[in-house]
There are 2 protein chains.
Amino acid sequence: MKPITLKDIALKLNISVTTVSKALQGRRDVSKSTRQSVVDLAEEMNYVPNSVAVNLRTQQTKTIGVIIPTVVHQFFSKVIDGVIEEAEKQGYLVITLQSNENFEFEKKQLQLLMQKRVDGILISLSNETQHCNHLNEIIKNEIPIVLFDKIYKLANCSKVYIDDQQAAYNAVTSLIKKGYKRIAHFRGSLTPQNSIDRFLGYKRALTDNDIEFDASLVYLCNNNDDFNDGYNNANKLLIEQNNVDAIFAITDLIAVGILKCFNEKGIKIPKDIAVFGFSDWFMASVVTPSLSSVKQPSFEMGRKATEILIDEIKNLNKNISYSFQNVVLPTTLAIRDSI
Amino acid sequence: MKPITLKDIALKLNISVTTVSKALQGRRDVSKSTRQSVVDLAEEMNYVPNSVAVNLRTQQTKTIGVIIPTVVHQFFSKVIDGVIEEAEKQGYLVITLQSNENFEFEKKQLQLLMQKRVDGILISLSNETQHCNHLNEIIKNEIPIVLFDKIYKLANCSKVYIDDQQAAYNAVTSLIKKGYKRIAHFRGSLTPQNSIDRFLGYKRALTDNDIEFDASLVYLCNNNDDFNDGYNNANKLLIEQNNVDAIFAITDLIAVGILKCFNEKGIKIPKDIAVFGFSDWFMASVVTPSLSSVKQPSFEMGRKATEILIDEIKNLNKNISYSFQNVVLPTTLAIRDSI
DNA sequence: TTGTATGCGTTATCAA
DNA sequence: TTGATAACGCATACAA
């Protein structure tokens, strides 16, 4: 059964398509009686407006695109939740794409979204991404774009993120205040901004507390497999170091990998070595011992980024100029048994 | 800057839009030289085809919609992963919507997808859903639809799911084989098919092994808050029962809630009481003790459902008739320290 | 209050 | 090999 169109309704009622269109839009330059009969017939015939036609005509799709590294990730799925909820509230649909932490993929996905003529784009950059030429392409085409989480600071658009450096600083400081002195850091890849910032926060917390930074205490986790990276590096650390009393891990998954290693080896947490995570996934509260972690507002990040994006879309449509926003969301510490 | 159109290219080259269109489609009823110049200019002008116009003209959107209860859920995010991957491979985009376990919402989301003229729909039913009139509406409009995971058996469409009853049977049987005799069941809501099936599997495993079914050992978890449902019911069970030696929980989250309760109360797992979960979330392998669970193929479920859906879309386009598929995916048991 | 004409950007038919 | 024309379904400026 082919979908009913305005034409079908017009034909049956012996009026013009225009009038049907107007009636359905509830405008009052159409008599109450015809409006009613149109609405009734549309209902009866199960008329469903064709968004594609509307989109072509109105030049907007009421759809936004989101690109994230991966959906199977508690942080990002919560972000998506926030995005979908806010988008829906404002009548927008959401197309989700993954970059798989791959720059070429990320570029391709942006291209797809442009073709699809989405009204705006949300993106959290892949770890590989080291410039924003591909974003500039979008910006040049006047498609609003908002960066979140993994941002590129120089990009010429709005951004929603957390103060990674400060969050890491707070976490490490809390370790120091508890008396830990020789604190290792399990860091992420070298290029992503938040990996760098968390490392810098770690370093600054040390120096601010007169603890000398020791590069040999920094372990690199960059295999896109946090849990095993944490597990393996924990093993390595046990061999290489003998007086580390705490570890600040850049993600909860890495921290949980560390926990597993230590639990297996009979290392007592936090007595022998304390562990601090980052992101506060649900898991953190149910592992043994429960994991201290930095709480970051994932749902709110998605929601806020979407709100800003849709604002920009609306401004653009109304030809109102706007300036880009830099929203820094607050983080807190969830202190649990692992420290 | 407004997007470049075929017309812009045609104008510059002083040829017709038709020819430009043909050239870009790589057809050979256009001379090699003009084809080349068109392609070159398109490249130079950064031409991006307008999908909306293409969609209107070709009457297909190359987009599919997915409706799931919630995205913040490891099982569903893995399903989505499978969906996106398969869809992408076949050149389709994915719009994700959530029903929030609410029937009215589910209906509304279906309506939205119809408006959007998606080529097909994937859906995992909400717990509230108890009939498929809303699905029939879609089917009547000849939009292919594939049910997965939370299916409605009588629906007239393809389905991809697991044999919940058998999976539960296997899990409970493995408990019995280990010597557990008084096995409680933490079940889900009363209406969803997989909640019913898992319960039936539990029951059948008991009777097949000459263990009398005791309704007082069945605890209901239906507050859409599995972790706390598990935690609270575990507390309740400790008060009400004194010789239960194992619990089969309908989800890992419920099982982890049980673990937390028992760990707090000093109940030894599995010595005092064994616990078996369902779904095998990542979490299961890192909690203490590690949780035995039923592994179900989430990614593959999404991938397979998408494959079937797109097949049906293609058949429909070619006017080839097809019959609905019932794909039952295999499950296995992940046996760990909790039993 | 109603309807005619036009166009959104593309593809497809068919004649030149 | 090329292009004029129509059509996809809808919304809007404007005329009646």
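Both backbone and side-chain heavy atoms feed into the values below; hydrogens, waters and symmetry mates do not. Order of the sequence lines sets the chain letters (A, B, ...), proteins ahead of strands, with each chain counted from 1.
For the pair B:Leu6 CG and C:dG9 P, the interatomic distance rounds to 10 Å; values are reported in whole Å. Computed from coordinates, the A:Asp29 CG to D:dA13 P distance equals 11 Å when rounded to whole Å. When the P atom of D:dG9 is taken as reference, atom NZ of B:Lys116 falls 17 Å away, rounded to whole Å. A straight line from CG of B:Asn55 to P of C:dA12 spans 13 Å, rounded to a whole angstrom. C:dA12 atom C1' lies 15 Å from atom CD of B:Gln60, rounded to whole Å. The distance from atom NZ of B:Lys7 to atom P of C:dG7 is 8 Å, rounded to the nearest whole Å. Note: CD1 (B:Ile9) to C1' (C:dT10) measures 12 Å, nearest angstrom. Regarding B:Leu56, its CG atom lies at a distance of 13 Å from the P atom of C:dA12, rounded to whole Å.
Counting heavy atoms from C-beta outward, A:Val38 and A:Thr19 have side chains that stay 4.5 Å or more apart. A heavy-atom distance below 4.5 Å is not found between the side chains of A:Val66 and A:Leu97.
Of the candidates D:dG3, D:dT2, D:dG9, D:dG3 carries the atom nearest the B:Thr18 side chain, counting heavy atoms from C-beta on. If you check C:dG3, C:dC14, C:dT10 against the side chain of B:Lys22, the one that comes closest is C:dC14. Of all nucleotides listed (C:dT10, C:dT1, D:dC10), C:dT10 comes nearest to the side chain of B:Thr5. The A:Arg27 side chain lies nearest to D:dT12 when the options are C:dT10, D:dT2, D:dT12.
Put simply, the side chain of B:Thr19 and the base of D:dT1 share no donor and acceptor less than 3.5 Å apart.
Regarding contacts with the backbone of D:dT2, a side-chain N or O of B:Thr34 is found under 4.0 angstrom from either OP1 or OP2. Phosphate proximity of D:dG3 to B:Ser16: present, with a side-chain N or O under 4.0 Å from OP1 or OP2. Of the side-chain N and O atoms in A:Gln59, none sit less than 4.0 angstrom from OP1 or OP2 of D:dA11. Put simply, A:Tyr47 has a side-chain N or O that comes within less than 4.0 Å of OP1 or OP2 on D:dC10. Close to D:dT12, at under 4.0 Å from its OP1 or OP2, lies a side-chain N or O of A:Gln25.
Using a 4.0 Å heavy-atom cutoff across all strands shown, B:Ser31 reaches sugar-phosphate atoms only and no base atom. Counting non-hydrogen atoms under 4.0 angstrom, B:Asn50 reaches the backbone sugars and phosphates but no base. Here B:Ser21 lies in heavy-atom contact (under 4.0 Å) with a base. If you check every strand for non-hydrogen atoms under 4.0 Å, B:Arg117 touches nothing. Nucleic acid contact class of B:Arg35 (heavy atoms, under 4.0 Å, all strands): none. Among the heavy atoms of the strands, none lies under 4.0 Å from A:Pro3.
Annotation for A:Ile64 and A:Tyr92: closest pair CG2-CD2, 3.9 Å, computed over non-hydrogen atoms.
For B:Val54 and A:Val30, each mapped to the nucleotide of DNA chain C holding its nearest heavy atom, the one lying further toward the 5' end belongs to A:Val30.
Using modelled atom types, one finds no donor on one side chain facing an acceptor on the other under 3.5 Å when comparing B:Asn55 with B:Thr61.
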- Message: Let's go through B:Phe105 and B:Ile67 carefully: what are the C-alpha distance in whole Å and the side-chain angles of both, what is the deciding distance for side chain to side chain contact (heavy atoms under 4.5 Å, CB included) to 0.1 Å, and is it a yes or a no?
- Response: CA-CA 10 Å; B:Phe105 240 71; B:Ile67 301 178; over 6 Å; no
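In summary, the aromatic rings of A:Tyr152 and A:His134 are positioned with their centroids too far apart to meet the 6.0 Å limit.
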